[in-house]
J.: 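The structure's right below; bear with me while I get my questions together.
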Number of protein chains: 2
Amino acid sequence: MIKTEMLRVFVEVARAGNLVSAAESLGRAPSAVSMTLKQLEAHLGQPLFESERKSRLTALGTYVFEMSNRELAHFDRTITALTDFASARRGEVRIAVVPSFAMTILPELVLEFTAASPNVRLDIRDMDSASIQRELERERIDLGIVSDARQTAEVRLVELASDHFGVVMRADNQLAKRKKISWQALARAGLIANPLCERIDEPELHGALERAHLRVHNTTTLLTMVRAGLGVTLLPELVCRQADSRITFRELASPVAHRRIDLISRARDTPSPATSAFAEFLTARMAERTNLSR
Amino acid sequence: MIKTEMLRVFVEVARAGNLVSAAESLGRAPSAVSMTLKQLEAHLGQPLFESERKSRLTALGTYVFEMSNRELAHFDRTITALTDFASARRGEVRIAVVPSFAMTILPELVLEFTAASPNVRLDIRDMDSASIQRELERERIDLGIVSDARQTAEVRLVELASDHFGVVMRADNQLAKRKKISWQALARAGLIANPLCERIDEPELHGALERAHLRVHNTTTLLTMVRAGLGVTLLPELVCRQADSRITFRELASPVAHRRIDLISRARDTPSPATSAFAEFLTARMAERTNLSR
DNA sequence: TTTTTTTACGAACATCGTAAGGATA
DNA sequence: TATCCTTACGATGTTCGTAAAAAAA
């Protein structure tokens with residue numbers, strides 16, 4: 001049977017023009033090269049060189065040389081692709097993310113990851129948590145970033161961050177002078193409602209939300225409003241950690257409302273190396289953030 | 001090092017879904033297949049199957065399966081191309097032929113050869129003998145069919161046919177009743193001149209050629225003229241052997257003029273297998289013709 | 001004669017199959 | 001429990017390098 005190694009030996013001899021230097025660059029003894037060459041000629045039934053000196057190719061030799069070069073290039077590209085994929089230097093990761101995370105923290109992480117792994121394709125879409133869970137189980141995505149997921153037999157779960165709500169205000173707001181802010185103080189400060197904070201189960205907050213004149217869905221718009229001095233709002237700390245210096249975050253007086261950000265993946269599948277790499281990158285970076293904030 | 005055999009084994013196991021039946025279709029023992037598979041996984045550093053039962057692929061396994069299928073198909077195509085070329089089932093033969101041969105005997109030979117070797121490309125052009133010799137030495141063609149070539153150090157020569165001139169006439173011509181025809185009889189019969197017969201060095205012919213009312217270059221046209229009863233002409237026997245029953249060939253009374261048809265190739269090169277095959281086919285068929293005509 | 005290639009032969013290596021042991025559905 | 005896979009181990013076959021012979025320049 002003709003093997004790639006035979007082609008590699010022949011190509012090197014044809015390129016070098018003699019056995020000795022070809023053997024040297026192949027790291028073999030001339031005798032081994034000679035026998036491999038003889039083996040290939042036996043398979044083809046015809047000589048590859050014009051004379052016993054390996055300087056001139058026959059017509060068959062020229063043809064085999066060209067074909068072998070193409071074949072070896074193709075083979076080497078394939079092996080590189082396989083090892084790259086296996087070592088997470090190549091591949092695709094399909095990720096679905098809740099909007100609050102996708103629009104705030106994710107971009108800088110993606111930027112860093114893609115810089116380090118330029119041949120790993122990230123396919124990112126944003127979705128509500130329930131849809132993410134469904135798409136994951138249907139194998140439409142590889143990873144999901146959701147809030148307050150529950151672990152099941154199908155879903156493996158890793159906590160990315162345990163977040164707590166606090167008050168977001170303009171830096172020159174009077175409330176910024178306090179360390180912690182009570183529900184009463186918040187109610188008097190002109191609260192801007194948003195979907196995230198409406199899920200907080202806190203009776204004293206409900207009155208304030210009902211009296212709010214403004215309700216904004218999009219987080220970016222919400223922060224713009226705060227920056228413009230239209231009021232204050234309640235957001236998880238992570239969401240506004242990267243906001244500019246004109247915006248200040250203050251913790252609430254007890255009790256503090258929590259929400260968890262989880263990374264989910266299919267429990268029964270071995271993820272692709274690129275998926276594992278991105279998942280590990282995410283958990284590592286988010287662990288660093290949590291430690292920094294304490 | 002990753003070898004094609006590893007990929008072949010993996011692909012077969014992935015396709016079969018289990019080791020035992022894959023081993024059977026590969027003609028190996030399950031243990032050998034198991035070890036080859038383990039070797040591939042060791043090279044990649046990651047598992048290819050979800051569990052030890054080889055029924056479900058990992059993401060890496062799926063990728064390797066697809067890439068390996070493509071690679072093996074490419075490799076097998078290359079090997080087929082190489083062996084086909086070596087055994088003359090594939091290739092290209094560039095041939096230059098003198099017009100008298102190209103337009104008369106060659107077509108039926110080419111038809112037969114291409115029917116038997118459909119993947120051998122024949123590149124045929126017609127040319128005068130001197131140009132053919134030059135193009136052969138410049139490696140622009142692989143074979144030449146010329147008349148009266150001379151053997152040199154650069155040119156290998158094989159005689160395809162030793163041809164003699166005779167009289168070509170319509171079947172109902174009076175001359176057709178004779179076995180051999182003298183120069184005098186020819187001169188009285190209304191000779192049509194042509195470039196081939198003008199090179200015959202025979203004083204008695206010269207007068208007849210000077211009195212000819214018609215001179216035709218193209219052999220096909222020439223035979224059409226003869227068929228129409230416009231006269232008789234002088235041609236090498238081979239040129240009109242395949243002509244229809246309405247045309248008759250008669251030998252000349254002594255002396256008979258000769259010309260040789262030679263197949264030439266480069267003496268210093270090993271020809272491609274397809275070139276050798278076509279050359280051998282030509283000489284064999286032409287030898288048959290010569291034997292038949294005696 | 002000098003360089004290059006081939007051949008002969010023993011050693012190293014990888015691969016294979018048999019048989020036994022484990023793991024999984 | 002039955003099937004499937006892996007491991008252990010001895011046998012086989014292939015590949016390799018050294019050294020000597022043969023061939024070509």
J.: How are the rings of A/Phe278 and A/Phe113 set relative to one another: parallel (under 30°), tilted (30 to 60°) or perpendicular (over 60°)?
T.: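 Rings of A/Phe278 and A/Phe113: perpendicular, over 60°.
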J.: Run A/Ser25 and A/Glu12 through side-chain hydrogen bond (donor to acceptor under 3.5 Å, both in side chains) and show every step you take.
T.: CA-CA 8 Å; A/Ser25 50; A/Glu12 191 50 42; 3.1 Å; yes
J.: Atom CG of A/Leu40 to atom C1' of D/dT15: distance rounded to whole Å?
T.: 16 Å
J.: Could you give the distance from CZ (B/Arg89) to OG1 (B/Thr83), rounded to the nearest 0.5 Å?
T.: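 B/Arg89 CZ to B/Thr83 OG1: 5.5 Å, rounded to 0.5 Å.
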J.: How far apart are the C-alpha atoms of A/Ile132 and A/Val98, what are their side-chain angles, what is the distance that settles it, and do they pass the side-chain contact (heavy atoms from CB on, under 4.5 Å) test?
T.: CA-CA 8 Å; A/Ile132 292 175; A/Val98 288; 4.1 Å; yes
J.: Five pairs at each end of the helix from C/dT1-D/dA25 to C/dA25-D/dT1: take the axis at both ends and give me the angle between them to 10°.
T.: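 Rounded value for the end-axis angle: 40°.
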J.: Which pairs, protein N/O on one side and nucleotides 20-25 of chain D N/O on the other, fall under 3.5 Å?
T.:
unit_1 : atom_1 : unit_2  : atom_2 : d
D/dA24 : N3     : A/Arg53 : NH2    : 3.0

J.: Among B/Ile95, B/Val120, B/Asp142, B/Ile141, whose side-chain contact (heavy atoms from CB on, under 4.5 Å) with B/Thr275 holds?
T.: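 Of all the options given, the one that passes is B/Asp142.
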J.: Are more than 12 heavy atoms, taken from residues, nucleotides or ligands other than A/Arg199, located less than 6.0 Å from that residue's CZ atom?
T.: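 Open.
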J.: Could you tell me the separation between the CE atom of A/Met1 and the P atom of D/dT14, rounded to a whole number of Å?
T.: 12 Å
J.: Considering just the side-chain nitrogens and oxygens of B/Lys54, establish if one lies under 4.0 Å of OP1 or OP2 belonging to D/dT6.
T.: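 Answer yes for this pair, as a side-chain N or O of B/Lys54 is under 4.0 Å from OP1 or OP2.
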J.: Determine whether A/Arg94 and A/Asp123 satisfy the following criterion, salt bridge (charged side-chain N to carboxylate O under 4.0 Å, His left out), listing intermediate values before the conclusion.
T.: CA-CA 5 Å; A/Arg94 299 163 303 171; A/Asp123 185 303; over 6 Å; no
J.: I need the minimum non-hydrogen distance between B/Glu50 and A/Thr270, along with the two atoms involved.
T.: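 Nearest pair, atom of B/Glu50 first, then A/Thr270: OE2-N, 2.7 Å.
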J.: Just N and O in the side chain of B/Gln39: are any of them under 4.0 Å from OP1 or OP2 of C/dA14?
T.: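 No, no such contact exists.
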J.: Once you round it to whole Å, what is the distance between C1' of D/dC4 and CG of B/Leu37?
T.: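 Taking atom C1' of D/dC4 as the reference, CG of B/Leu37 is at 14 Å.
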J.: When the ring planes of A/His74 and B/His74 are compared, do they come out parallel, tilted or perpendicular, using 30° and 60° as the limits?
T.: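 Aromatic pair A/His74/B/His74 classed parallel.
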J.: Would you kindly give the CE-to-P distance between A/Met6 and D/dC16, to the nearest whole Å?
T.: 10 Å
J.: Provide, to the nearest angstrom, the distance between the CG atom belonging to B/Leu19 and the C1' atom belonging to C/dT24.
T.: 14 Å
J.: Nearest whole Å is fine: how far is D/dC5 P from B/Glu12 CD?
T.: 13 Å
J.: Determine the interplanar angle of the A/His164 and A/His258 rings, folded into 0 to 90°, and report it as parallel if under 30°, tilted if 30 to 60°, perpendicular if over 60°.
T.: tilted
J.: For a side-chain hydrogen bond (donor to acceptor under 3.5 Å, both in side chains) check, start with the C-alpha distance between B/Ser21 and B/Arg15, then their side-chain angles and the critical distance, and finish with the verdict.
T.: CA-CA 10 Å; B/Ser21 53; B/Arg15 197 193 316 271; over 6 Å; no
J.: Starting at CG of B/Leu26 and ending at P of D/dC5, how long is that distance when rounded to a whole Å?
T.: 13 Å
J.: Just by distance, no angles: are the side chains of B/Arg156 and B/Ser265 close enough, under 3.5 Å, to form a donor-acceptor pair?
T.: yes
J.: Quick test: give all pairs of protein nitrogen or oxygen and nucleotides 17-19 of chain D nitrogen or oxygen below 3.5 Å, distance rounded to 0.1 Å.
T.:
unit_1 : atom_1 : unit_2  : atom_2 : d
D/dG17 : OP2    : A/Ala29 : N      : 2.7
D/dG17 : N7     : A/Ser31 : OG     : 3.1
D/dT18 : O4     : A/Ser31 : OG     : 3.0

J.: Tell me: CG of A/Leu48 to P of C/dT6, nearest whole Å?
T.: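 Result: 12 Å.
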J.: Base, sugar-phosphate, or nothing for A/Glu5, non-hydrogen atoms under 4.0 angstrom?
T.: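 If one applies the 4.0 Å heavy-atom cut-off, A/Glu5 turns out to touch nothing in the nucleic acid.
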J.: At less than 4.0 Å, is any side-chain N or O atom of A/Ser34 found next to OP1 or OP2 of C/dT5? Yes or no.
T.: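 No, because none of the side-chain N or O atoms of A/Ser34 sits under 4.0 Å from OP1 or OP2 of C/dT5.
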J.: Can you check whether B/Lys38 has a side-chain N or O nearer than 4.0 Å to OP1 or OP2 of D/dT7?
T.: yes
